[in-house]
Amino acid sequence: MQPAKKEVLAPDGIKLFPNPSQGTLNVQVSQFTLNGIKIYNTTGAKVWQQSYNNISNTSINISSLPSGMYIIELSDADGNLHMQKINLVK
C-alpha cells in the first residue's frame, strides 16, 4: 500500500508566469524538482498533462485550451502535489 500523497496549496518556491497567460506558461520551482504537470478545468476535468524527470523549470504551451481559469498541479519526486490557479486569456 502506497502512502497518501500530500497536497500543498500555493507553496513557496513556485513561479508561474505570465499569469494570466496568453498561451505559454513558464514554470519554475526552487524547493523541489518536477516529475509531472497536470492542468484541470473548473469542473475538475484533466485537460493537459506532461511527465518530466526531475526538472526545475519548463515552458508549456496551453494555447489549445479555451480562455478561463484552471488549476495547475505540479508533482514532485516524493509524490507531493502542489496546486495553484492559473488564468488563460486569449
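Since the model is a prediction, treat every value here as computed from it, not as a measurement.
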For the residue pair Asn57 and Val29, establish whether any side-chain heavy-atom pair is separated by less than 4.5 Å.
->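 Sidechains of Val29 and Asn57: no contact.
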
Is any side-chain heavy atom of Ile60 less than 4.5 Å from a side-chain heavy atom of Ile39?
-> yes

Backbone of [Y] reached by a side-chain donor or acceptor of [X] within 3.5 Å:
X     : Y     : result
Asn19 : Leu88 : no
Asn26 : Phe17 : yes
Asn35 : Asn54 : yes
Asn41 : Thr43 : yes
Ser56 : Ser30 : no

Where do Phe32 and Leu34 come nearest, in terms of heavy atoms and distance?
->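 Taking Phe32 first and Leu34 second, the nearest heavy atoms are CE1-CD2, 4.0 Å.
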
Check the pair His82 / Ile14 against side chain to side chain contact (heavy atoms under 4.5 Å, CB included), numbers first and verdict last.
-> CA-CA 9 Å; His82 308 266; Ile14 296 177; 3.7 Å; yes

Pair up each side-chain donor or acceptor in residues 46-53 with any protein partner under 3.5 Å, not counting sequence neighbours, and list the distances.
residue	atom	partner	partner atom	Å
Lys46	NZ	Gln49	OE1	2.7

Spacing of [X] atom [atom1] and [Y] atom [atom2] [to the nearest 0.5 Å]:
X     : Y     : atom1 : atom2 : result
Lys85 : Leu16 : NZ    : CG    : 13.5 Å
Leu81 : Lys38 : CG    : NZ    : 7.5 Å
Thr33 : Asp78 : OG1   : CG    : 8.0 Å

Flag yes if Val27 and Ile55 sit in one hydrophobic cluster, no otherwise; membership is Ile, Leu, Val, Met, Phe, Trp, Tyr, and two members link when side-chain heavy atoms are under 4.5 Å apart.
-> yes

For residues 62-72, which side-chain N or O atoms pair as donor and acceptor with protein atoms under 3.5 Å away, sequence neighbours left out?
residue	atom	partner	partner atom	Å
Ser63	OG	Asn61	OD1	2.6
Ser67	OG	Lys90	N	3.1
Tyr70	OH	Pro66	O	2.5

